[in-house]
**Student:** 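Supplied in structure tokens, the structure appears directly below.
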Amino acid sequence: MEAKKNKRGIINIVDILIIVVLIAGIAFLAIMYNRVKNPTTAAVDQGEAVDIYFDVQLSAVREEVCSLLKEGDSIRFDARTNEYGEIYELSEPQLAEVVYSNAVEGVFEQATFSDLYDILITIKATGYENEDKITAGSLKLTVGSSVYLKTADLACSGYIFDVRTEKRGSAE
């Protein structure tokens with residue numbers, strides 16, 4: 001009987017954990033609400049508006065893909081914000097080559113595919129540059145990172161090979 005009486009008035013550890021989780025959840029929602037309602041905090045760290053030219057390498061694509069890409073076409077590179085750029089320049093398709101390790105002989109070998117090509121696409125977009133990052137839409141442009149591309153006729157992915165910027169309004 002005495003043991004039951006003592007349990008009623010004591011706050012146990014589960015109650016404390018529930019209270020802490022509730023307070024943390026409310027604080028998180030308040031922070032997220034403030035970011036949505038006050039977009040100036042996001043605009044402050046965007047940096048200077050610039051024209052961005054970034055090269056994307058499409059590896060081992062079929063010949064049909066090469067004919068679907070045309071200079072001047074609109075290309076979507078950021079699915080979250082529907083950011084569009086323009087295909088500024090296309091390289092000549094080169095036969096795809098891959099280096100692989102031959103574990104049996106302990107050497108690296110190079111293979112060329114006769115029906116697959118590597119293409120380098122230069123995309124021109126508007127974005128922001130500050131001292132620690134370059135962004136186009138919500139996409140942070142980093143050499144070596146994967147990017148998904150979509151035109152009216154094609155959807156594919158490639159790797160960012162190079163990133164260049166120039167001030168808005170200046171001619172290249």
Side-chain angles (χ1 to χ4, degrees), residues 28 32 35-172:
F28 175 76
M32 296 309 290
R35 283 188 185 169
V36 171
K37 290 300 254 182
N38 190 4
T40 57
T41 57
V44 170
D45 66 348
Q46 279 185 334
E48 179 183 359
V50 293
D51 287 331
I52 300 172
Y53 298 88
F54 59 101
D55 297 334
V56 177
Q57 181 175 1
L58 304 181
S59 298
V61 296
R62 300 206 176 276
E63 190 174 4
E64 297 83 23
V65 172
C66 302
S67 63
L68 294 174
L69 297 167
K70 297 173 188 65
E71 289 181 6
D73 280 357
S74 180
I75 189 164
R76 187 170 88 179
F77 56 85
D78 190 355
R80 290 183 288 178
T81 59
N82 282 335
E83 285 291 327
Y84 284 86
E86 168 189 335
I87 297 178
Y88 186 73
E89 188 178 350
L90 287 169
S91 70
E92 282 295 316
Q94 304 290 324
L95 286 177
E97 294 181 346
V98 65
V99 176
Y100 65 94
S101 65
N102 183 337
V104 175
E105 297 178 15
V107 296
F108 289 100
E109 295 180 356
Q110 186 170 2
T112 302
F113 298 103
S114 60
D115 61 339
L116 299 176
Y117 297 89
D118 292 339
I119 306 171
L120 196 63
I121 303 174
T122 301
I123 299 172
K124 178 183 178 185
T126 302
Y128 296 95
E129 176 183 24
N130 63 24
E131 55 213 28
D132 63 339
K133 66 183 174 183
I134 300 171
T135 57
S138 65
L139 179 66
K140 182 178 177 184
L141 298 173
T142 309
V143 172
S145 63
S146 178
V147 64
Y148 295 96
L149 304 173
K150 187 170 193 292
T151 66
D153 301 320
L154 172 73
C156 59
S157 66
Y159 293 94
I160 297 177
F161 193 73
D162 187 27
V163 179
R164 301 173 303 284
T165 63
E166 85 179 30
K167 293 190 184 222
R168 300 289 312 265
S170 60
E172 183 171 275

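The basis for the numbers below is simple: all heavy atoms, side chains too, and nothing from hydrogens, waters or symmetry mates. Throughout, numbering of the chain's residues begins at 1 and tracks the sequence.
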**Student:** Between CG of L141 and CD1 of I160, what distance do you get to the nearest 0.5 Å?
**Tutor:** 5.0 Å
**Student:** When rounded to the nearest 0.5 angstrom, what is the spacing between NZ in K124 and CD in E166?
**Tutor:**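 With rounding to 0.5 Å, NZ (K124) is 7.0 Å from CD (E166).
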**Student:** Has S101 got a side-chain atom pairing as donor or acceptor with A103's backbone, closer than 3.5 angstrom?
**Tutor:** no
**Student:** Nearest 0.5 Å, what's the CG-OG distance between L139 and S145?
**Tutor:** 6.5 Å
**Student:** Taking all atoms of both residues into account, what is the closest heavy-atom pair of F77 and Y84, and its distance?
**Tutor:**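 Minimum heavy-atom separation between F77 and Y84: CE2-C, 3.6 Å.
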**Student:** If you compare all heavy atoms of S157 against all heavy atoms of Y148, which two are closest, and at what distance to 0.1 Å?
**Tutor:** CB-CD2, 3.5 Å
**Student:** Should we say atom CD of E92 is surrounded by more than 12 heavy atoms from elsewhere, each under 6.0 Å from it?
**Tutor:** no
**Student:** What pair of heavy atoms forms the shortest contact from E71 to E89, and how long is it?
**Tutor:** OE2-CA, 3.7 Å
**Student:** Looking at F161 and V143, what are the two nearest heavy atoms and their distance?
**Tutor:** O-CG1, 3.7 Å
**Student:** Flag the pair L58 / L149 as yes when at least one side-chain heavy-atom distance between them is below 4.5 Å, and no otherwise.
**Tutor:** yes
**Student:** Looking at Y100, I'd like to know if its OH atom is crowded, meaning that more than 12 non-hydrogen atoms belonging to other residues, nucleotides or ligands lie closer than 6.0 Å.
**Tutor:**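 Yes.
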**Student:** With rounding to the nearest 0.5 Å, note down the distance linking CD1 in I121 to SG in C156.
**Tutor:**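 Here the interatomic distance stands at 5.5 Å.
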**Student:** Would you sort out whether I134 and K140 count as a side chain to side chain contact (heavy atoms under 4.5 Å, CB included), showing the intermediate values?
**Tutor:** CA-CA 6 Å; I134 300 171; K140 182 178 177 184; over 6 Å; no
**Student:** Should D115 and R62 be marked as a side chain to side chain contact (heavy atoms under 4.5 Å, CB included) after you check the CA-CA gap, both sets of side-chain angles, and the distance that decides it?
**Tutor:** CA-CA 6 Å; D115 61 339; R62 300 206 176 276; 3.3 Å; yes
**Student:** Could you check if a side-chain atom of D118 sits within less than 4.5 angstrom of a side-chain atom of L120, using non-hydrogen atoms only?
**Tutor:** no
**Student:** At their closest point, which heavy atom of F113 faces which heavy atom of L95, and how far apart are they?
**Tutor:** O-CD2, 3.5 Å
**Student:** Would you mind reporting whether T126 and D51 have side-chain heavy atoms less than 4.5 Å apart?
**Tutor:**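 Answer yes - side chains close enough.
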**Student:** Please check if the number of heavy atoms outside E109 that lie under 6.0 Å from its CD is greater than 12.
**Tutor:**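 Count over threshold, so yes.
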**Student:** Side chains of L68 and T151: does their closest heavy-atom pair fall under 4.5 Å?
**Tutor:**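 Contact flag for L68/T151 side chains = no.
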**Student:** Is the shortest side-chain heavy-atom distance between I52 and V163 below 4.5 Å?
**Tutor:**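 With C-beta onward as the side chain, the pair touches.
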**Student:** Which pair of heavy atoms, one from A60 and one from A96, lies closest together, and at what distance?
**Tutor:** CA-CB, 4.0 Å
**Student:** Please lay out, stage by stage, how T122 and R164 fare under the test side chain to side chain contact (heavy atoms under 4.5 Å, CB included).
**Tutor:** CA-CA 10 Å; T122 301; R164 301 173 303 284; 3.5 Å; yes
**Student:** How long is the gap from CD on E64 to CG on D153, to the nearest 0.5 Å?
**Tutor:**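 Interatomic distance, E64 CD to D153 CG, rounded to 0.5 Å: 13.5 Å.
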